[in-house]
Amino acid sequence: MDIAMLYVSTRNAEEKVTASQAVLKGLARNGGLFVPEQIPTLDVPVEKLADMTYQETAYEVMKLFLTDYTEEELKTCIEKAYDEKFDTAEIAPLVKAQDVSYLELFHGATIAFKDMALSILPHLLITAARKNEVTNDIVILTATSGDTGKAALAGFAEVEGTKIIVFYPKDGVSPIQQKQMVTQKGDNTFVVGINGNFDQAQTGVKQMFSDSALAQELDRAGYQFSSANSINIGRLVPQIVYYVYAYAKMVKTGEIKNGERMNVVVPTGNFGNILAAFYAKNMGLPIGKLICASNENKVLYDFFTTGTYDKNREFILTSSPSMDILISSNLERLIYRIAGDNADKNLELMNSLQEHGAYTITEEMREQLASFYGNYASEAETAAAIREIYGQTGYIIDTHTAVAAAVYRKYREETNDTTKAVIASTASPYKFTRSVMTAIDQKYDSKPDFELVDELESLSKVRVPQAIEDIRTAPVLHNTICEVEEMEQVVKKFLGV
């Protein structure tokens, strides 16, 4: 592709940057997100993609978006990311259970789908820094609802020229998620629990990003912030890859014919994973429905049903904590798109969200959401999906994937749509052993978490992942806890500013 792809802010049409600058900045000025000026068309035929490895597919997709990276730079980043850190050569295998294919996105270092993008982001970022002659150390500042944190820590640990600071809600992640984070090695890593929920952590991080006085202070000390959250375009682009890969593999195995549509079901919190599927569809991949599955924090279901996004509601802690989110940051990229790429209209809606906690889209915008279907699963329905799929097939899924399975069932019952479907399986059941095992049988509830790991192994016939073995005996290295309003001081203290 000869023309360089530029990225524009969703809140200011004047702010345009190259791909590497968008990766480096993470967030645009005044809170906007970077989006490609146009979504490129997939230029490799599916029959050719069908014979490609995951790494080769990644190159074909990512080169269309990251146009200012050279072929050598991009291929090097891909090779460093998708290597033996993944416990399967396929990287993202498809597993059929009942009448649906599960796209297993949890074979990386931290056994969650965030590894798919966070294993490549550090390499994209360091390459971008060199390209743009940045001499400061890059400080990755991120908030996590459980998975991003560990995956980002694993990606950035000991990467030269970077530091990483992760904030998580201290009572809002699973015991295994917490243990994974607080045992993280690496002198450049720092993990902080906050007395608050994910949305408060995310808001605190966003405030630090948009604080120009803080930016100057850091610059004088030789640092600059960047983001590893799904708001970074360097997170979103690698996620498009696995939908293209899944479609090509379905064609290769004869599950679908070339050109036939597949539906995609995604358990959704921050909206990045399903947005990547939307981008893949817009690149020309034959995706039919984009099925957006929420847990009891069903702000997205309500949005797709009513056209109003309203975060003024009780925040519910569920057994699928990575989806316990009321402000779905990546939805803004879709809003911008259905507003006709109109930054002013988008800004007006985002200001309304900030001031009133809600906004309502126009009828014309709603019409452009026809390819989306939203629904949600209650805690009971999520547990029932795990129990039933295990009972019928012996296949064990985690609580987030179960939300998607339960919603897909509702979709099928409502529409009788028999299009072949792929469910994004976003985490290993080993990450949420207690919830998974008690869904199968209540008798497991009395056992300690790590004992349940061994029970899960004997039931699932799937080996305990290395990520879990590593933390069984690992010492806690991070024990900082702070209030929401202390986040900035904590960051400064770690950086010695």
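- With ring centers used as reference points, Phe86 lies under 6.0 Å from Tyr82.
- Contact check for Leu369 versus Phe303: side-chain heavy atoms found under the 4.5 Å cut-off.
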Requested in this report: Determine, stepwise, if the pair Gln392 / Gln98 fulfils side-chain hydrogen bond (donor to acceptor under 3.5 Å, both in side chains).
Outcome: CA-CA 8 Å; Gln392 289 180 12; Gln98 293 175 317; 2.5 Å; yes

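- Listed by chain and residue number, Thr401 satisfy the side chain to side chain donor-acceptor pair (under 3.5 Å) test with Ser425 (two or more places apart in sequence, or in another chain).
- When ring centroids are compared, Phe34 and Tyr7 stay outside the 6.0 Å threshold.
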**Report entry** Chi angles and distances behind the side chain to side chain contact (heavy atoms under 4.5 Å, CB included) call for Val166, Val192
**Finding:** CA-CA 6 Å; Val166 171; Val192 186; over 6 Å; no

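- For the residue pair Glu296 and Ser378, no side-chain donor N or O sits within less than 3.5 Å of a side-chain acceptor on the partner.
- Counting heavy atoms from C-beta outward, Asp51 and Lys252 have side chains that approach closer than 4.5 Å.
- Judged by distance alone, the side chains of Asn232 and Ser227 never bring a donor and an acceptor atom under 3.5 Å apart.
- Asp115 and Thr110 share a side-chain donor-acceptor pair at under 3.5 Å.
- Considering every non-hydrogen atom in both Met116 and Leu105, the closest pair reads CG-O, 3.7 Å.
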Report task. May I have the step-by-step check of side chain to side chain contact (heavy atoms under 4.5 Å, CB included) for Gln184 and Leu477, ending in yes or no? Result -> CA-CA 7 Å; Gln184 178 64 48; Leu477 302 173; over 6 Å; no

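- Among Thr382, Thr268, Asp324, the single residue meeting the side chain to side chain donor-acceptor pair (under 3.5 Å) criterion with Asn295 is Asp324.
- Nearest approach of Val462 to Glu457, heavy atoms of both residues: O-CG, 3.5 Å.
- Looking at Lys179, its side chain does come within 3.5 Å of a backbone N or O of Ile471 through a donor-acceptor pair.
- When each of Lys150, Gln178, Gln177 is checked for a side chain to side chain donor-acceptor pair (under 3.5 Å) with Tyr168, only Gln178 meets the rule.
- Listed for the Ser101 side chain is no donor-acceptor partner under 3.5 Å among the backbone atoms of Val95.
- With hydrogens and angles ignored, the 3.5 Å screen pairs a side-chain donor or acceptor of Arg387 with a backbone N or O of Ala439.
- In the model, Lys85 has no side-chain atom that pairs as donor or acceptor with a side-chain atom of Ser119 under 3.5 Å.
- Among pairs with a residue in residues 398-423, those fulfilling ring pair (Phe, Tyr, Trp, His ring centres under 6.0 Å) read Tyr373-Tyr411, His400-Phe432, at least two apart in sequence or across chains.
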**Report entry** Derivation of the side-chain hydrogen bond (donor to acceptor under 3.5 Å, both in side chains) call for Glu47 and Asn258
**Finding:** CA-CA 7 Å; Glu47 52 274 20; Asn258 191 358; 2.7 Å; yes

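- The closest side-chain heavy-atom distance from Val100 to Val422 is not below 4.5 Å.
- The side-chain heavy atoms of Thr144 and Phe167, taken from C-beta on, include no pair separated by under 4.5 Å.
- Side-chain contact check for Val407 versus Ile291: some heavy-atom pair is nearer than 4.5 Å.
- A 4.5 Å side-chain heavy-atom check between Cys77 and Thr127 finds at least one atom pair inside the cut-off.
- Inter-residue side-chain proximity for Lys289 and Val264 is flagged as unmet; no heavy-atom pair is nearer than 4.5 Å.
- Ring pair Phe198/Phe315: centre-to-centre distance not below 6.0 Å.
- The two atoms that bring Met181 and Val191 nearest to each other are O-CG2, 3.6 Å, heavy atoms only.
- Ring-plane geometry between Phe304 and Phe372 is classed as parallel, the angle between the planes falling under 30 degrees on a 0 to 90 degree scale with a further cut at 60.
- Salt-bridge check for Lys431 with Asp398: failed, with every basic side-chain N at 4.0 Å or more from each acidic carboxylate O.
- Counting heavy atoms from C-beta outward, Lys163 and Ile140 have side chains that stay 4.5 Å or more apart.
- Tyr395 has its ring centre less than 6.0 Å from the ring centre of Tyr102.
- For residues 89-100, the set of pairs meeting the salt bridge (charged side-chain N to carboxylate O under 4.0 Å, His left out) definition, not counting sequence neighbours, comprises Lys96-Glu255, Asp99-Arg412.
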